[in-house]
Amino acid sequence: MATAAQPSLRFHQNSAFFPRNPRLFRKSQLRPPPGFSPARIRASSALALDPGPSIKSQETSNADLFACPICYELLIRKGPSGFNLPAIYRSGFKCRKCNKSYSSKNIYLDLTVTSGTKEYNEFQPAGTELFRSPLVSFVYERGWRQNFNSRGFPGPVEEFNMAQEYFKPAEGGVLVDVSCGSGLFSRKFAKSEAYSRVVALDFSENMLRQCYDFIKSDETILSSNLALVRADVSRLPFSSGSIDAVHAGAALHCWPSPSNAVAEINRILRSGGIFVGTTFLRVSSSTPALLRPFRQRITRDYNYLTEEEIEDLCTSCGLVNYTKKVQQSFIMFSAQKP
């Protein structure tokens with residue numbers, strides 16, 4: 001099997017960055033560097049994949065999972081077979097219906113609507129640019145995420161175990177980790193071997209590069225059935241009813257339109273598929289009445305919802321069997337496609 005060379009990492013910032021109320025927008029318009037040259041903006045990584053002798057033949061086939069984000073037609077794949085980082089990196093994808101082509105950018109497959117554009121760049125609100133920063137992407141798993149414990153998050157290990165309990169009916173199927181960030185949970189899902197395929201999906205190019213930086217040090221994950229995909233949560237590149245499980249860790253409050261995102265998640269889930277998410281609550285049942293107006297004010301610029309609003313959002317988008325676990329401002333919820 002072809003292996004990936006070690007990317008170089010250059011970090012030009014010395015200070016850590018730990019916000020009290022992190023705005024975790026997962027959207028970015030950062031353009032990747034041309035060719036395969038190392039990115040040199042603050043913290044960055046560059047990838048050089050050795051073609052290797054084991055991947056010789058090029059074949060064309062249906063990509064039986066990835067779909068065009070424009071028309072949702074299944075993509076045609078040209079390249080080596082296999083669902084892993086080296087194979088997907090060396091493959092090209094094309095939509096038979098709208099004729100748009102998609103390819104890997106460094107170490108992730110770009111399946112956004114704007115993939116391939118050279119001059120066009122959509123305007124994004126200032127807050128959504130937070131996670132395009134190589135610095136923020138670098139520190140996310142190196143201190144930022146640990147800050148969530150003060151808000152009731154039980155920690156990645158416990159959160160993963162809780163999610164796995166919800167996902168038991170989806171074992172053996174395809175799991176998509178949307179807004180995966182640096183791949184904190186994507187790697188755990190892939191390493192568990194409980195799923196036939198795992199897709200680590202995020203809009204931020206730099207988060208996906210950081211995800212690979214963590215993956216490359218573990219050969220068992222690098223060669224596992226794991227793909228890195230850049231995509232918009234409101235335009236997911238999968239055909240309807242094709243996914244068994246969707247995970248969104250600390251993500252719902254980051255989405256510009258949670259209703260559009262949950263509706264998209266419902267669209268791609270198979271009948272019986274499971275959606276599990278965690279997020280910050282604006283207020284919870286344990287929030288003292290005197291503090292509620294204060295909490296409402298300090299979270300007015302965030303998509304923080306209440307327990308009732310999250311349940312209403314899921315059920316109004318057609319999901320059933322809603323359940324939740326709440327601790328302080330942390331909520332883990334689960335819902336199912338009928």
Side-chain angles (χ1 to χ4, degrees), residues 6-33 38-47 105-108 124-160 177-191 200-218 221 228-230 233 247-256 277-280 298-299 301-304 329-330:
Q6 301 294 316
S8 60
L9 181 64
R10 296 177 174 86
F11 182 49
H12 300 295
Q13 297 290 339
N14 297 321
S15 60
F17 187 20
F18 307 131
R20 292 183 180 178
N21 294 292
R23 293 182 69 171
L24 303 183
F25 291 96
R26 298 286 201 268
K27 302 195 72 177
S28 166
Q29 292 293 336
L30 181 64
R31 296 173 182 170
R40 299 184 63 88
I41 304 175
R42 298 181 187 172
S44 60
S45 64
L47 178 74
K105 300 291 186 180
N106 289 343
I107 46 78
Y108 57 85
Q124 298 293 335
T128 65
E129 293 298 300
L130 179 63
F131 279 85
R132 73 173 291 179
S133 164
L135 173 61
V136 174
S137 300
F138 182 82
V139 302
Y140 181 76
E141 200 170 321
R142 299 175 176 89
W144 183 303
R145 186 52 162 78
Q146 290 81 341
N147 243 15
F148 294 5
N149 294 357
S150 63
R151 300 289 298 277
F153 278 66
V157 173
E158 181 60 25
E159 291 168 47
F160 171 73
D177 188 17
V178 298
S179 296
C180 69
S182 58
L184 179 62
F185 293 101
S186 304
R187 302 193 307 271
K188 293 179 182 296
F189 288 127
K191 202 160 187 174
L201 183 149
D202 204 286
F203 196 84
S204 168
E205 300 95 325
N206 279 303
M207 279 295 188
L208 292 170
R209 292 183 183 118
Q210 287 299 317
C211 185
Y212 179 77
D213 279 346
F214 286 107
I215 290 172
K216 66 178 171 47
S217 61
D218 191 333
I221 303 178
L228 302 185
V229 173
R230 180 174 182 249
V233 71
H247 177 260
L252 184 145
H253 59 279
C254 312
W255 299 336
T278 61
T279 188
F280 293 97
I298 65 174
T299 60
D301 294 331
Y302 303 85
N303 276 330
Y304 291 174
S329 296
F330 161 84

Could you measure the distance from the CZ atom of Phe203 to the OG atom of Ser179? Nearest 0.5 Å is fine. 11.0 Å
Minimum heavy-atom separation for Pro156 to Leu184, with atom names? CG-CD2, 3.7 Å
Should Tyr140 and Gln210 count as side-chain neighbours, where that means a heavy-atom distance under 4.5 Å? no
With rounding to the nearest 0.5 Å, note down the distance linking CE in Met207 to OH in Tyr108. 13.5 Å
Glu158 meets the side chain to side chain contact (heavy atoms under 4.5 Å, CB included) criterion, sequence neighbours left out, with Pro154, Asn161, Met162
In chain order, what residues pass the side-chain hydrogen bond (donor to acceptor under 3.5 Å, both in side chains) check against Asp218, with sequence neighbours excluded? Lys191, Thr220
Tell me the closest heavy-atom pair linking Cys180 and Leu208, and the distance in Å. SG-CD2, 4.0 Å
Taking all non-hydrogen atoms of both residues into account, name the closest pair between Ile221 and Ala190 and its distance. CG2-CB, 4.5 Å
Heavy-atom closest contact (Asp202 atom, Gly181 atom, distance): OD2-N, 2.7 Å
Run the side-chain hydrogen bond (donor to acceptor under 3.5 Å, both in side chains) test against Ser186 and tell me which residues pass, sequence neighbours left out. Asp177
Shortest non-hydrogen pair, Leu228 vs Cys211, comes out as CD2-SG, 3.6 Å
Sequence neighbours excluded, the answer for side-chain hydrogen bond (donor to acceptor under 3.5 Å, both in side chains) partners of Glu159 is Arg145
Below 4.5 Å, heavy atoms only, C-beta onward: do Ile107 and Ile215 meet side chain to side chain? no
With sequence neighbours left out, write down each residue that passes ring pair (Phe, Tyr, Trp, His ring centres under 6.0 Å) with Phe153, or none if nothing qualifies. Phe148, Phe280, Phe330
Which is it for Phe214 and Arg187 under the side-chain contact (heavy atoms from CB on, under 4.5 Å) test, yes or no, and what are the steps along the way? CA-CA 9 Å; Phe214 286 107; Arg187 302 193 307 271; 3.5 Å; yes
Taking only residues two or more places apart in sequence or in another chain, which ones pass side-chain hydrogen bond (donor to acceptor under 3.5 Å, both in side chains) with Ser137? none
Please report the shortest heavy-atom distance between Gln146 and Glu141, naming the atom on each side. NE2-O, 3.4 Å
Test side-chain contact (heavy atoms from CB on, under 4.5 Å) on Thr278 and Phe185; report intermediate values, then the result. CA-CA 12 Å; Thr278 61; Phe185 293 101; over 6 Å; no
